[in-house]
Amino acid sequence: MASLLNQLRGLTTVDCDTLDAQGEQHNTAISAENKAIVLAEITKLDANGKLIYQTLIDEIIPIAHWMFGNQNDATVEELASELLAVGLALRFIPHLNGFIHIQTNPKWCYSTEKTVKNAERIVAHLKHLAPDFDTSRICIKIPATWEGLQACRELERRHSIATLATIVFSMEQVALAVDAGCRYVAPYVNELRVHFDATYTDANKDRAALFCGAAQRYCDEVASSASAAEAAHGSLNLQMQTQVLAASLTSVEEVMRLAGAVKHITVSPPLLMELEATPAAGWPGASTVGAAAAITGSRVNGDAVRLRELVRDQSQWRLAFTRAEAGESERKLGQAIGIFCDMQDQIERLVRRWDLTGKNYARG
């Protein structure tokens, strides 16, 4: 009997938020990493209370010290946190048939220069740890601030490094990501807080799902216009369309509302398992499948001209983003950056502790 996961895969590419190479949730197109996922993985314990990734940690920290002596852009702890993320990603690659997404240090999300250097280091780490690995399969996740999206522009156009604009809550961010040439843009259905506060529910998630559909419509429209212009000049490039990758989902119902409305959906391993275990036939929410696509084309088309002009003017873009959704978009972005920075701090503290003691510590 066909499951909801089978139905979903017939409508949208399914990706997974995990770096757990020991789990059963594999064979996805893309695996997405963020600082919370890295922290969760490197603090996992085995049945004897020992760190599962102790061997990786013991390998990475000396390399971070060696690299620290050859540069002055990052601390030992920052280098080690990057290398740990890359090491985990390399262990997951055999279960993947597409991109592996690795997030930059969120502390640099308001600096274009530091974000670009961070992304270049991540690619260099991959070459160092796995010289034969095809680095074109790496996509760098960057928070969708003005500075972060300018970093995406530089990485895509000058360095041929694929990027994903993440923590997206507004069409202003979507438009700038598309203009920057990002391969993916990741609108959040739920604000990040819901994943760390069991008592909290995002009251605007239904509207956010419609926003994901609108974002995909905008990307499609821009790509269609660009294709027509390029075809007229004999320079058609069909591989550069920005694709929407909907993220921050908490239920099967939320996922299925997006089916077919966006190109990609990234889900957690528990949701992936629930989708696979739920028969599509007779599912109570069948009438809501793809509901996030229910937005009129005229609404998107009417906003496109304003957005295309906006991305050329930094001050006007910042003002429009600040005002988007009565300030809620900016608030949610700031909240998510703060949470990811907290995770980054925790990873660096663990590295420092492991480095100083050489002992097997869990998070604490």
Side-chain angles (χ1 to χ4, degrees), residues 1-18 20 23-32 95-98 166 168-171 174 184-195 198-221 223-224 241-301 325 332:
M1 181 180 294
S3 68
L4 286 182
L5 183 58
N6 297 136
Q7 182 181 10
L8 179 62
R9 282 180 165 155
L11 297 168
T12 295
T13 301
V14 180
D15 308 319
C16 192
D17 284 324
T18 185
D20 181 10
E24 299 180 356
Q25 304 81 26
H26 304 320
N27 301 317
T28 56
I30 290 171
S31 176
H95 307 288
L96 197 64
N97 55 40
T166 189
V168 172
F169 296 102
S170 74
M171 285 304 298
V174 172
Y184 301 95
V185 56
Y188 278 22
V189 173
N190 292 274
E191 59 186 277
L192 193 60
R193 177 182 170 185
V194 302
H195 302 286
T199 67
Y200 185 73
T201 300
D202 190 337
N204 295 312
K205 60 184 177 182
D206 290 342
R207 185 172 181 177
L210 291 173
F211 160 60
C212 291
Q216 186 63 66
R217 290 278 190 100
Y218 179 83
C219 291
D220 291 344
E221 181 194 327
S224 178
Q241 177 184 355
T242 301
Q243 298 187 35
V244 170
L245 189 154
S248 192
L249 296 146
T250 61
S251 71
V252 165
E253 290 75 17
E254 291 171 12
V255 172
M256 296 309 294
R257 287 190 71 195
L258 290 163
V262 295
K263 301 294 186 183
H264 289 255
I265 297 174
T266 183
V267 298
S268 65
L271 275 181
L272 202 62
M273 294 174 66
E274 187 177 352
L275 286 162
E276 188 171 29
T278 305
W283 182 59
S287 63
T288 67
V289 173
I295 183 169
T296 62
S298 60
R299 177 180 168 186
V300 178
N301 295 340
E325 300 297 325
K332 292 179 180 180

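Numbers here simply count residues along the sequence, with the first being 1. What's counted below: heavy atoms across the whole structure, side chains too, no hydrogens, waters or symmetry copies. It should be emphasised that the depicted structure is a prediction, and the values quoted were computed from it without experimental measurement.
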Tell me if a side-chain donor or acceptor on Thr12 pairs with a main-chain N or O of His264 at a distance below 3.5 Å. no
Taking every heavy atom of Asp220 against every heavy atom of Gln241, the minimum-distance pair comes out as OD1-NE2, 2.7 Å
Would you say that Thr166 contacts Tyr188 through its side chain, given a criterion of any heavy-atom pair below 4.5 Å between the two side chains? yes
Next item on the list: Would you check if the side chain of Asn190 reaches a backbone N or O of Lys205 as a donor-acceptor pair within less than 3.5 Å?
Entry: no
For residues 273-292, which side-chain donor-acceptor pairs fall under 3.5 Å, sequence neighbours excluded?
from   : atom 1 : to     : atom 2 : distance (Å)
Thr278 : OG1    : Glu274 : O      : 2.7
Thr288 : OG1    : Gly285 : O      : 2.7

Looking only at heavy atoms, the pair that brings Ser268 and Cys16 closest together is C-SG, 4.3 Å
Q) Counting distance only, does the side-chain N/O of Arg257 pair as donor-acceptor with the main-chain N or O of Leu210 below 3.5 Å? A) no
Could you check whether Lys332 pairs with Glu325 (Lys NZ or Arg NE/NH1/NH2 to Asp/Glu carboxylate O, under 4.0 Å)?
no
* **Derivation and outcome, side-chain contact (heavy atoms from CB on, under 4.5 Å), residues Val252 and Leu271** => CA-CA 7 Å; Val252 165; Leu271 275 181; 4.2 Å; yes
Taken to the nearest 0.5 Å, the spacing of Ile265 CD1 from Leu272 CG works out to 11.5 Å
*Any side-chain donor paired with an acceptor under 3.5 Å for Asp17 and Thr266?*
yes
Check against side-chain contact (heavy atoms from CB on, under 4.5 Å), Val255 and Leu4
CA-CA 10 Å; Val255 172; Leu4 286 182; over 6 Å; no
Main-chain N/O of Lys263 paired to Gln216 side chain as donor or acceptor, under 3.5 Å
yes
- prompt: Would you say the side chain of Val262 lies within less than 4.5 Å of the side chain of Leu245, judging by non-hydrogen atoms?
  reply: no
Of all heavy-atom pairs linking Ala209 and Leu258, the shortest is O-CD2, 3.8 Å
Notebook entry, point to check: If only atom types and distance count, is the side chain of Asp202 paired as donor or acceptor with the main-chain N or O of Glu191 below 3.5 Å?
Noted result: yes
For this session: Mind running side-chain contact (heavy atoms from CB on, under 4.5 Å) on Val244 and Val185 for me, showing each step along the way?
Result: CA-CA 5 Å; Val244 170; Val185 56; 3.9 Å; yes
